[in-house]
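To start, the structure under review is shown below, and the notes come after it.
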There are 2 protein chains.
Amino acid sequence: MFMSISSRFSVGIHILSLLEFNKDGVSSSEYLAGSVNTNPALIRKILGMLKKAGLIEVRPGIAGSKLARSLSDITLLDVYKAVDVVQDNELFSVHDNPNPKCIVGKNIQDTITPILSTAQIALEKVLGNVTIEDVVKDIEEKEERHS
Amino acid sequence: MFMSISSRFSVGIHILSLLEFNKDGVSSSEYLAGSVNTNPALIRKILGMLKKAGLIEVRPGIAGSKLARSLSDITLLDVYKAVDVVQDNELFSVHDNPNPKCIVGKNIQDTITPILSTAQIALEKVLGNVTIEDVVKDIEEKEERHS
DNA sequence: ATTACATGTAATCAATATAGTTACAAGTGT
DNA sequence: ACACTTGTAACTATATTGATTACATGTAAT
């Protein structure tokens, strides 16, 4: 029915969490893809974005990725920005070229843009208050409860 | 670069604001389309959604739409829900079928879904705190400043 | 150096949403 | 009847997503 924010974001969170759980092993793109259940090439693309953002360490030819920061120092907002799912101030698209001869057409963009931006920032603030550490701990808790 | 929330939302706000400014005239879909700068059929489609949500009154064969509620009783969240740009709890898409044999794959969805939902609700809360009256007043203020 | 294997990345594809457009049926009032 | 409007369905062009294939590049071990 509508287009939502790319799952690159949730996959990014998945990858970082799994790097922690498998920190004593080798997390190749194939290994990660097996857990996410997708293609290794897609994982490598996302790994490249996470690397560019300084969240992980990964090198050509060398199998496996590692977290580049402590768990508590990576927020979901960091991941969200890293995987480039939404641009600043552009979560909402605003119709362009409204009629400048109409009072509404002339001013609507300047009026609603800051409001929509505020809404987007409110969303991002929530993501900034959750760390990968929180996610990892929650996964552990859920796992214990199931066993 | 990415897909943002449909401009149906901003167009919906535009339409409702213009219905107020032109409340003494006849706001046909053609008139509205002239201000938004798009096609009357597209406007009628959005008018149908606003009508279904009880925000406006419009009847087949009779030219013009009217606001069905007072300006201060229509929030941007009402419009956002009316034009159906985002479904509840589905602003973020989460990758499906993660590997249940992996601790992360098994639990990631249940862990992040409530977080993402909280973020979405934070965004929607901002929209719920702004009314069409606020938008109309801001447009008026901007217009005065320009003259 | 050759081999084996992993990462990096470009290209392609099917599925789907958006925004725009055309066309026309159905409703209303003169 | 006629003119005009709303309500909708259908179609198009464009763009993103997610998946996939292919291959160049980089690394390490033998």
Side-chain angles (χ1 to χ4, degrees), chain A residues 1-12 14-15 19 22 25-34 36-53 56-66 68 83-87 90-98, chain B residues 1-12 14-15 19 25-34 36-53 56-66 68 83-87 90-99:
Chain A
M1 186 74 114
F2 73 101
M3 182 66 72
S4 50
I5 293 173
S6 170
S7 65
R8 276 202 307 278
F9 180 35
S10 64
V11 172
H14 186 140
I15 289 172
L19 290 183
N22 191 43
V26 176
S27 299
S28 66
S29 63
E30 191 178 348
Y31 169 79
L32 296 170
V36 173
N37 192 24
T38 184
N39 197 287
L42 192 60
I43 295 292
R44 289 198 291 272
K45 193 170 168 186
I46 296 174
L47 287 173
M49 292 173 150
L50 297 173
K51 177 187 181 181
K52 192 177 170 190
I56 65 169
E57 290 171 1
V58 53
R59 293 160 65 184
I62 302 178
S65 303
K66 296 285 183 185
V83 297
D84 205 34
V85 283
V86 176
Q87 304 299 97
E90 290 184 17
L91 174 57
F92 295 91
S93 57
V94 175
H95 58 296
D96 51 355
N97 302 318
Chain B
M1 187 73 116
F2 73 101
M3 182 65 74
S4 51
I5 292 173
S6 170
S7 65
R8 277 203 305 278
F9 180 34
S10 64
V11 172
H14 186 139
I15 290 172
L19 290 184
V26 176
S27 299
S28 66
S29 65
E30 192 178 348
Y31 169 79
L32 297 170
V36 173
N37 192 22
T38 184
N39 196 286
L42 193 60
I43 294 293
R44 289 198 290 274
K45 194 170 168 185
I46 296 173
L47 286 173
M49 291 173 151
L50 297 174
K51 177 187 181 182
K52 192 176 169 191
I56 64 169
E57 291 171 0
V58 53
R59 294 160 66 182
I62 302 179
S65 302
K66 295 285 182 186
V83 298
D84 205 33
V85 283
V86 176
Q87 305 298 98
E90 290 184 17
L91 173 57
F92 295 91
S93 58
V94 175
H95 57 295
D96 52 356
N97 301 319
N99 190 340

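Naming convention: chains lettered A, B, ... in sequence-line order (proteins, then strands); numbering from 1 in each chain.
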Phosphate contact (dC4(D) OP1 or OP2) by S28(B) side-chain N/O below 4.0 Å: no

Below 4.0 Å: OP1/OP2 of dA19(C) and any side-chain N or O of S6(B): yes

Distance in angstrom units between Y31(A) OH and dA6(C) P, rounded: 15 Å

Atom-pair distance (CG on L42(A); C1' on dT9(C)), nearest Å: 13 Å

Heavy atoms of other groups near K66(B) NZ, more than 12 under 6.0 Å: yes

S29(A) side-chain N/O to dA6(C) phosphate OP1/OP2 under 4.0 Å: no

Atom-pair distance (CD1 on I46(A); C1' on dG8(C)), nearest Å: 14 Å

dA19(C) phosphate, OP1 or OP2, under 4.0 Å from S93(A) side-chain N/O: yes

Whole-Å distance separating the CD atom of E30(B) from the P atom of dT5(D): 7 Å

Nearest listed nucleotide, side chain of R44(A), among dT5(D), dA19(D), dT9(C): dT9(C)

Nucleotide dG18(D), atom C1' - distance to CG of D84(A) in whole Å: 16 Å

d(CG, L47(A); P, dG8(C)) in whole Å: 7 Å

Spatial distance of atom NZ (K45(A)) from atom CG (L50(A)) [nearest 0.5 Å]: 13.0 Å

Distance, rounded to the nearest Å, where Q87(A) contributes CD and dA15(D) contributes C1': 15 Å

For the student: nearest non-hydrogen atoms of S4(B) and E90(A), plus distance: CB-O, 3.1 Å

